Amino acid sequence: IAQSPNPEIFDLHECEAIIRESWADVWHMHAAETVAHMLSCLVFFLLVCSMRARSGRGLLKVWAGIGIPLTVILWSVKFVQTVGRRLLGAASFQASRVDLPAHLIEFGSTVVTCIVLAIIFIDGPDTERVNSAIFRGTFAVCLTHRNIFFFTLIRLASADLNVIIEPIVGSIRRSIPFCFTVGCFIIVAFTVYLCFPIPFDDEHGVVEAFIELFKFAVLADFDVYELEGQGPVWKLRSDGSIKPEIPQET
């Protein structure tokens, strides 16, 4: 039907009946995949809660141990579906080749997620490697990718939800050039700002300078003494109270 050169074929009731019957068969498999990814997101949510809550850290390795095989199974199902489309014919293979970057991203995310979960399962909580900023940032990127993929499955499963989500996704997509332009101006301003001898900490000076410039250029939430690398000093008053003292602008 999709390869028919006559677009009027879609107006036939017979064509609509064939599509509805085929979609009814596919929908059950798609619904099962959506539920599986929902359980995966729930496991990762409980894992993050266990990492934050001290009382629940005994279950940290349990959720990590469940997450590893679940992530591998979900990717394996996706891989089998891709191979199945390849075996159906040349037209399906062309569609699979178009989705090759998406498959590579999914495979990379699966590998990185399994490595992160394995580190959590082996090391446990409160280790230097698990608490490092690079490790937590990598874990956050993996979780974001899996949650976005889950929302994509929901959009495909429900037309009512897709009507609500599609304008939001379209607005984000159309705002990418604006964000790129703003980011370029922020980088230019940040480069100029670093040329001045602002007395920031040597270890985290670049990060602190970027935060202050971001507050100044984007949020418009700043004080002049912050741009000069100063901060309020807490001092003990004669009445026993502790209050901040704003530094003088240089």
Side-chain angles (χ1 to χ4, degrees), residues 2 22-52 59-60 62-88 91-121 130 133-177 179-180:
S22 301
W23 171 243
D25 295 336
V26 175
W27 188 87
H28 294 88
M29 182 176 61
H30 183 78
E33 184 180 3
T34 304
V35 172
H37 279 276
M38 181 181 66
L39 293 177
S40 175
C41 293
L42 178 61
V43 169
F44 284 113
F45 173 76
L46 295 175
L47 176 63
V48 174
C49 292
S50 300
M51 294 175 66
R52 298 294 298 178
L59 298 175
L60 184 64
V62 176
W63 300 125
I66 296 175
I68 294 175
L70 185 59
T71 302
V72 174
I73 290 174
L74 292 177
W75 179 84
S76 301
V77 171
K78 195 72 175 179
F79 177 76
V80 171
Q81 292 176 350
T82 303
V83 174
R85 286 196 296 268
R86 167 66 179 88
L87 298 177
L88 288 177
S92 297
F93 178 58
Q94 294 294 333
S96 298
R97 287 199 298 178
V98 173
D99 295 338
L100 181 60
H103 293 315
L104 293 177
I105 294 175
E106 180 68 23
F107 176 73
S109 175
T110 301
V111 172
V112 175
T113 302
C114 290
I115 293 175
V116 170
L117 293 177
I119 292 175
I120 295 176
F121 183 79
V130 173
I134 297 178
F135 182 87
R136 294 297 180 98
T138 304
F139 191 29
V141 172
C142 295
L143 291 180
T144 302
H145 176 262
R146 307 203 69 81
N147 290 328
I148 291 176
F149 185 76
F150 171 64
F151 284 119
T152 303
L153 293 177
I154 294 179
R155 290 177 56 192
L156 297 175
S158 175
D160 296 332
L161 289 176
N162 188 41
V163 171
I164 300 174
I165 298 176
E166 180 59 31
I168 302 175
V169 176
S171 300
I172 296 175
R173 190 183 301 114
R174 288 189 294 270
S175 64
I176 292 178
C179 295
F180 176 78

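Only a predicted model underlies this, so the values are computations on that prediction, with no experimental measurement involved.
- With values rounded to the nearest 0.5 angstrom, Ile115 atom CD1 is found 10.5 Å from Phe135 atom CZ.
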Given side-chain contact (heavy atoms from CB on, under 4.5 Å), test Ile120 with Phe139 step by step and report yes or no.
CA-CA 10 Å; Ile120 295 176; Phe139 191 29; 4.3 Å; yes

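- The side chain to side chain contact (heavy atoms under 4.5 Å, CB included) check on Phe121 picks up Lys61, Ala64, with sequence neighbours excluded.
- For Ser109, the side chain to side chain donor-acceptor pair (under 3.5 Å) partners are His145, not counting sequence neighbours.
- Nearest approach of Ser40 to Leu74, heavy atoms of both residues: CB-CD1, 3.7 Å.
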Carefully, step by step, assess Leu117 and Leu47 under the rule side-chain contact (heavy atoms from CB on, under 4.5 Å).
CA-CA 10 Å; Leu117 293 177; Leu47 176 63; 3.4 Å; yes

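- Partners of Phe150 under the side chain to side chain contact (heavy atoms under 4.5 Å, CB included) rule, at least two apart in sequence or in another chain, are Thr34, His37, Met38, Cys41, Ile154.
- Atom-to-atom distance recorded for Leu39:CG and Ile66:CD1 is 10.5 Å, nearest 0.5 angstrom.
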Stepwise side-chain contact (heavy atoms from CB on, under 4.5 Å) check, Trp75 with Val111
CA-CA 10 Å; Trp75 179 84; Val111 172; over 6 Å; no

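- Applying the side chain to side chain contact (heavy atoms under 4.5 Å, CB included) test to Arg173 and every residue at least two apart in sequence or in another chain returns Glu166, Val169.
- For the side chain to side chain contact (heavy atoms under 4.5 Å, CB included) test, residues two or more places apart in sequence or in another chain that qualify with Val72 are Ser76, Cys114.
- Note that CG of Leu143 is 11.0 Å distant from CD1 of Ile148, once rounded to the nearest 0.5 Å.
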With side-chain contact (heavy atoms from CB on, under 4.5 Å) as the criterion, how do Phe44 and Trp63 come out once you've worked through the C-alpha distance, each side chain's angles and the decisive distance to 0.1 Å?
CA-CA 7 Å; Phe44 284 113; Trp63 300 125; over 6 Å; no

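- Distance CD1/Ile68 to OG1/Thr110: 12.5 Å, rounded to 0.5 Å.
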